[in-house]
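Please read the structure below before turning to the comments.
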Protein chains: 2
Amino acid sequence: MCSTSAIADRLRTAGLRPTRQRLALGALLFGGGRDRHVTAEQLHAEVAARGGRVSLATVYNALNQFTAAGLLREVVVGPGRLYFDTNVGDHHHFYIENEGTLLDIPADRVAIARLPSAPEGMRLERVDVVVRVRR
Amino acid sequence: MCSTSAIADRLRTAGLRPTRQRLALGALLFGGGRDRHVTAEQLHAEVAARGGRVSLATVYNALNQFTAAGLLREVVVGPGRLYFDTNVGDHHHFYIENEGTLLDIPADRVAIARLPSAPEGMRLERVDVVVRVRR
DNA sequence: ATAGCTGCAAATGCTTTGCAAGGCC
DNA sequence: GGCCTTGCAAAGCATTTGCAGCTAT
């Protein structure tokens, strides 16, 4: 269920060539079965720790391409703190400020009532709820 | 109600010396009577447009000091997009993505039901709701 | 007088880009 | 082969910091 070929298929379906680098990153991101929140830096370190050789620029490029393809979602919690979330479904986040850690909050655990409608002529893109906590 | 001396008092109360630079910034931020959302860059340009001379570094420092003193609140909507909000009360935001504009949503226009409690041993800091829209 | 500010420029941190070399179809 | 990718290094932004000189109290 998380073989290399499954990831290759996933990339191909998204219109991305399954190169060695993208497969390595994809395996780390999607191969574990559970959802992840990573920064480019973290992912780069992980690949390196497993003996992979992918430049940081390529990690950034790949993450952006994965995001554009709908395989990932960006989560912004602070200036200069861009996370990529493998959970692209509807959900929200806890952000542990003094650790820099993100935790998913399933969409059905948060109910937003009485959200004002988007201003005149605007299309709603997404609603992000970030619950900031501190240990 | 928005004289220079009122702003000077506000700064003094916050433990900040009412210097020429902080008064100029304070007048732009708090003098208009209505709430504002600005970036350091924008505010710097505004001061310059009125003939004021304040360095960008000082604008950043002042905004951070105002925030620490509870006069402003930071709003993060994207990486490298740090806004300062003169409305320090409980409320949320519309973010118009293709304009880079923020709009306040009064707290009583949004009701968050069933928010999961903070994980074990964590103290809730704040809940940020950003409604991303696009024109 | 003196502790606190300011300005400048340099440093920092994160992310993007340009371009030549390499790899997938 | 041809076009997409990669790697490296350099550029780009937003923000912070170090330090000498200035200023409010």
Side-chain angles (χ1 to χ4, degrees), chain A residues 4-5 7-27 37-48 51-69 71-84 100 102, chain B residues 4-5 7-28 37-48 51-69 71-72 74-84 100 102:
Chain A
T4 296
S5 70
I7 291 171
D9 286 345
R10 197 156 174 175
L11 292 176
R12 257 186 292 263
T13 303
L16 298 169
R17 282 187 191 170
T19 63
R20 175 176 58 74
Q21 292 83 344
R22 298 212 269 231
L23 287 171
L25 298 173
H37 303 98
V38 296
T39 62
E41 207 80 49
Q42 279 167 19
L43 196 58
H44 183 243
E46 270 186 64
V47 177
R53 293 139 293 152
V54 181
S55 79
L56 183 56
T58 296
V59 175
Y60 273 105
N61 289 336
L63 288 172
N64 286 330
Q65 291 151 355
F66 288 5
T67 302
L71 265 32
L72 293 177
R73 181 202 211 254
E74 288 185 351
V75 184
V76 179
V77 288
R81 270 206 165 299
L82 183 51
Y83 286 81
F84 293 87
L102 279 176
Chain B
T4 296
S5 70
I7 291 171
D9 286 345
R10 197 155 174 174
L11 292 175
R12 257 186 292 263
T13 302
L16 298 169
R17 283 190 190 167
T19 62
R20 175 174 59 72
Q21 292 84 344
R22 300 214 267 229
L23 286 170
L25 298 173
L28 289 172
H37 304 97
V38 296
T39 62
E41 206 80 50
Q42 279 166 20
L43 196 57
H44 183 243
E46 270 185 63
V47 177
R53 293 140 293 152
V54 181
S55 80
L56 184 56
T58 296
V59 174
Y60 274 105
N61 289 336
L63 288 172
N64 286 330
Q65 290 151 355
F66 289 5
T67 301
L71 266 34
L72 293 177
E74 289 186 349
V75 184
V76 179
V77 288
R81 271 206 165 300
L82 183 51
Y83 286 82
F84 292 88
L102 279 176

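In the text below, chain A, chain B and the rest are named by the order of the sequence lines, each starting its count at 1. From a predicted model like this one, the values you see are computed outputs, not experimental measurements.
When the side-chain nitrogen and oxygen atoms of A:Asn61 are compared with OP1 and OP2 of D:dT6, none of them lie within a distance under 4.0 Å. Between B:Arg12 and D:dT25 there is a side-chain polar atom (N or O) within less than 4.0 angstrom of OP1 or OP2. Note on B:Tyr60: a side-chain N or O is less than 4.0 Å away from OP1 or OP2 of D:dT15. The side chain of B:Arg20 contributes no N or O atom lying less than 4.0 Å from OP1 or OP2 of C:dT6.
If you check C:dC5, C:dT17, D:dA14 against the side chain of A:Ala57, the one that comes closest is C:dT17. Checking D:dT15, C:dT16, C:dT6 against every side-chain atom of B:Gln21, the shortest atom distance belongs to C:dT6. Counting only heavy atoms from C-beta on, B:Pro18 has its side chain closest to D:dT25 among D:dG7, D:dT25, D:dT15. With C:dT15, C:dC25, D:dG7 as the choices, the nucleotide that has an atom nearest any side-chain atom of A:Leu56 turns out to be C:dT15. Among the nucleotides D:dG7, C:dT6, D:dT5, the one closest to any side-chain atom of B:Thr58 is C:dT6.
One atom, CD of A:Gln42, and another, C1' of C:dT15, lie 16 Å apart when rounded to the nearest Å. In this structure, the CG atom of A:Asn64 is 9 Å from the C1' atom of C:dT15, given to the nearest Å. Here the C1' atom of nucleotide D:dT5 and the CG atom of A:Leu25 are 13 Å apart, to the nearest Å. Nucleotide C:dT15 holds its P atom 10 Å from the OH atom of A:Tyr83, rounded to whole Å. To the nearest angstrom, P of C:dT6 lies 10 Å from CG of B:Leu23. Taking atom CG of residue A:Leu11 and atom P of nucleotide C:dG23, one finds them 18 Å apart after rounding to whole Å. Counting to the nearest Å, the P atom of C:dG13 and the CG atom of A:Leu82 are 18 Å from each other. Summarising the geometry, the separation between CD on B:Gln65 and C1' on C:dC5 is reported as 8 Å, rounded to the nearest angstrom.
Taking the nucleotide of DNA chain D with the nearest heavy atom to each of B:Thr19 and A:Val59, the more 5' of the two is matched to A:Val59. Annotation: of the two residues near DNA chain D, A:Gly15 and B:Glu74, the 5′-most nearest-nucleotide partner is A:Gly15.
Nearest heavy-atom pair across A:Glu41 and A:Tyr60 is OE1-OH, 4.4 Å.
Using modelled atom types and a 3.5 Å distance limit, the side chains of B:Arg53 and B:Gln21 yield no donor-acceptor pair.
Side chains of A:Leu11 and A:Leu71 form a contact here, defined as non-hydrogen atoms less than 4.5 Å apart. Residues B:Val76 and A:Val77 have side chains not in contact (no heavy-atom distance under 4.5 Å, counting atoms from C-beta outward).
Expressed to the nearest 0.5 Å, how far OG of A:Ser5 lies from CG of A:Leu23 amounts to 10.0 Å.
Judged by distance alone, with hydrogens and angles left aside, the side-chain atoms of A:Tyr83 form no donor-acceptor pair with the main-chain N or O of A:Arg73 at under 3.5 Å.
Nucleic acid contact class of B:Pro79 (heavy atoms, under 4.0 Å, all strands): none.
For C:dA3, its base sits under 3.5 Å from the side chain of B:Arg17 at one donor and acceptor pair at least.
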